[in-house]
Every structure is written in structure tokens, then in C-alpha cells.
Amino acid sequence: MSEPKIKLNTEWLSVCGGCHVALVDLHEKIVDVMKVIEIQRSPLLTDEKGYPPAQIGLITGSVRTDHDREVAKAMRASCDKIIAFGTCAVYGGIPGAALAHTAEDILDRVYLNNPSTDSSKGVVPNRLVPKMDAKITPLDEVIDVDLYLPGCPPHAAFIFDALMSLTKDRDPRAKEESICAKCNRLMKKTDVSQIKSVMDGMPDEDTCFLSQGYICLGSVTLNRCAAPCPQNGVVCTGCAGPMPQILTEPNRDIRTEVAARMSALTNIPPMDVVNEIEKSAKSYYAYAMASGMVRNKPTFLIEKWIEQVEKV
Amino acid sequence: MAEVLIKKEACRGCQICVEVCPTEVLAFDEAEQKAVVKNATDCIACLSCTYICPSTAISQQDFHSVKNFYRDLDFSVKAKRYL
């Protein structure tokens, strides 16, 4: 008789749902997964609405409402091991970028003063919807989390490796490497002296974006995606969250690390890069700013940077 | 003695490690456009190259690890639980 399958529950909180779709992106590999894992409860895949006991629980998304909080606690109570799955669950992700605004501002923009929808009735939904928190909270500040798999979404290869390592009780093969380790562009010294916007010109296909004057976050971002963006002409926006050295070392930061490398490759002064990133901090820090590991850094001054840009 | 290891497939050829090394341990191989270890015995394990390498291609082995008391300890524990 074959061994009993490992039971898996999944749940989503405040999130786009892409991480659940990424599970299905395993394609034929999902057949191997289903041989050893039974998906009991999953918003996209099963009809089960309760929380039956399970060995593994995948939670995607961050905590923004009362509903998110209750659901996260129900998952914690029903699962032996909880995995924070995807950047939103690990760091707060894109919903975490709302840290830069108050809840009132957001409701006003979405329901009352939105230029692209009819808001003439002036109604903010307040019945049958869960109460919205004042701010986004990453999952591990609400419940205990056993394991973390960042990525927006994590590439199917990393999901497969993570699930298989759990079922076989071995260490996952994923390493602490940056996006640059998987990008084929050549980093070379250039005479570029000005930072370019992604809208400026056509970047060379074989040369590193930093060498060409485009700000790319590849060198400060953990590889959980296999670097599809920079290899297809798009700068890395840092969606899998910062490298561990940025999170553990208080004197290292996204802007200073990028500035050090970019100024070594080009003639652009490091402070120009730092200032440029601070000017668009809401974009460059979007994925991880809700996490205490970034939010509580003494050098992370998002309110000051936003004020400097928006007061003019 | 510290041993410097360079993952060839990860090296992007930026040469920043060669410039940052205070003891000229590293050199640049023009033919391959990759960094190489030239004077391994001179390494003082300052880890400057490891930290600056954009592609995490450099690692050190067999060096005396200094306890960084200023580190974010909560995250250092968490980092071991990444899949």
C-alpha cells in the first residue's frame, strides 16, 4: 500500500491571486506533486470552505482586513506548518505600498474621487464587507510562520523544489543569490554620466542596465524568479524582496547598494542614484516597505521622501 | 586561511570586486570576461568583495567569522527558514 498523502490547505488574504495561479503553473510537474500531496482546501482549486487539519498550509497575501486576520488564525490552527507564500505574505508586497497613504486616502481615491469610474453616488461600501485596517501587516506579525517563500509569484521551479523538499524532508535547493546571478547581460564600464528613465531610448540587449544608466534592482533582489524581466528588456523592480544582506545589515539599503554598483560601472555620482531612488521611493521600495525589516530601518525615511516630492 | 570561491556562471564581469579588494587577491580574466582568484594567500577575509558582488558570485570559506552584534537578529533567524 502506498504511503498516505501529505495534506495541504491554501488560503489567500489581501493579494491579487497570482500566487495561486503560479501553483497551477507547475504544468505537468503538478502530476508529481499530486502523487504525494492532497490539496484539501484551496480557493481556486477545491470547494472546501472549512479548515480541515493539514500538515502544510500555504498562505498568500498580507493582512489588511478583519477577515484576513481571522482566516490567517484559522489556517494556523489547522496546519502543522505554515508557509508564507509569495512576496505579499513575506514582506507585505504591492498592497504594502499603501503604507505611504492613510486608509481614508485610499477609500477616497477608490470610491469617491476616482477619475476612471462613476463615483457620483459618493458611497463607500460599509455593509457586508470586512473592516479595513489602518495599515498593511505582513503575515508573520499576525501569526507564527514556519517557512518563507518570497516571489511575485515564486517561479514554478522554486515552488516545486519547496514542496518536494518538504515531502522528502530535505533542504530546498534554492540559494541566497541575486537576480544578476541568473541574468545574461554583461556588466561593463561605460562613460554614461546621467541616469536614464525607462522611457528613454532603447537599451542595448547584451549590456547590463546599470552600465547603461538605467536603475535596475537586480543586484539587490533575491532570485526566486529566474530573472525573466532583465533578460527580456525590462529592468528588475525588486518583486521578490531585498537580498538578506540588506535586511540583516542596518548600514545597507536598496538605494546605497545600487548606487555603489552603478557608480562603479558608470560616471554617475553615487548620490545622484540615491536621490533618484528616494524621489521615486514608493516604486523602488514598494514590495518590502510594509515589512518591519525595512520599515523600521533608521535610514528608511519614506514620509520625508514623499513630502519632498509631493509638496511641490 | 580564507578560501575565495567564484561561481563562474554567476560572474557578470563588472570588475568591482577587483577594484574593492585591499590586498589584490582578485584579477580580471580579459579572455573570459570573468573575475579570477590570483593571490589566494593574501586574502584577509574582509568580505568586501562578497558584499559588493552584484550577482552573489563570490563566497568565502574557512574564515574566522566575526559576530556582528548590530545585525537584525530577528531576521537573521528568519533567513534560515527561507525556501
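In this structure, chain B has heavy atoms under 4.5 Å from both the backbone and the side chain of A:L147. Contact annotation for B:E19: only side-chain heavy atoms (C-beta onward) come within less than 4.5 Å of a heavy atom of chain A. Proximity to chain B (any heavy atom under 4.5 Å) is restricted, for A:D146, to the backbone atoms N, CA, C and O. With a threshold of 4.5 angstrom between heavy atoms, A:I179 does not approach chain B through any atom at all. When heavy atoms are compared at a cutoff of 4.5 Å, A:P150 approaches chain B solely by way of its side chain, counted from C-beta outward. Looking at A:K182, the atoms closer than 4.5 Å to chain B (heavy atoms on both sides) all sit in the backbone: N, CA, C or O. The contact between A:R252 and chain B is made entirely by side chain atoms (from C-beta outward), counting heavy-atom distances below 4.5 Å. In this structure, chain B has no heavy atom under 4.5 Å from any part of A:L210. In this structure, no portion of B:K80 lies under 4.5 Å from any heavy atom of chain A. The contact between A:V90 and chain B is made entirely by side chain atoms (from C-beta outward), counting heavy-atom distances below 4.5 Å. Only the side chain of A:S165 has a heavy atom closer than 4.5 Å to any heavy atom of chain B.
A:Q245 contributes a side-chain N or O that, together with a main-chain N or O of B:Y51, makes up a donor-acceptor pair within less than 3.5 Å. Formation of a donor-acceptor pair under 3.5 Å by the A:R224 side chain with backbone atoms of A:P153 is not found in this model. Judged purely by atom type and a 3.5 angstrom limit, A:Q212 uses its side chain to pair as donor or acceptor with the backbone of A:D204. Distance alone, capped at 3.5 Å, is enough to place a donor-acceptor pair between the B:T23 side chain and the B:D42 backbone. At distances below 3.5 Å, not a single donor-acceptor pair connects side-chain atoms of A:T10 with backbone N or O atoms of A:L58.
Contact count versus chain B (heavy atoms, under 4.5 Å) is highest, among A:L247, A:L149, A:V258, for A:L247. Taking A:G151, A:S219, A:A84, A:S291 one by one and counting their heavy-atom pairs under 4.5 Å with chain B, the maximum is reached by A:S219. Contact count against chain A (heavy-atom pairs under 4.5 Å) is highest for B:C14 among B:G13, B:C11, B:S76, B:C14.
Residues of residues 27-39 of chain B placed with any heavy atom under 4.5 Å of a heavy atom in chain A are listed by number as B:Q33.
Both the sub-6.0 Å distance and the 45° axial angle are not jointly satisfied by A:R295 relative to the ring of A:F300.
No side-chain donor-acceptor contact under 3.5 Å links A:E276 and A:Y284.
Taking the charged nitrogens against the carboxylate oxygens, A:D161 and A:R170 do have a contact shorter than 4.0 Å, which makes a salt bridge.
The local environment of NZ in A:K189 is crowded, with over 12 non-hydrogen atoms from other residues, nucleotides or ligands closer than 6.0 Å.
Ring orientation note: the planes of A:Y91 and B:Y82 are tilted relative to one another, at an angle of 30° to 60°.
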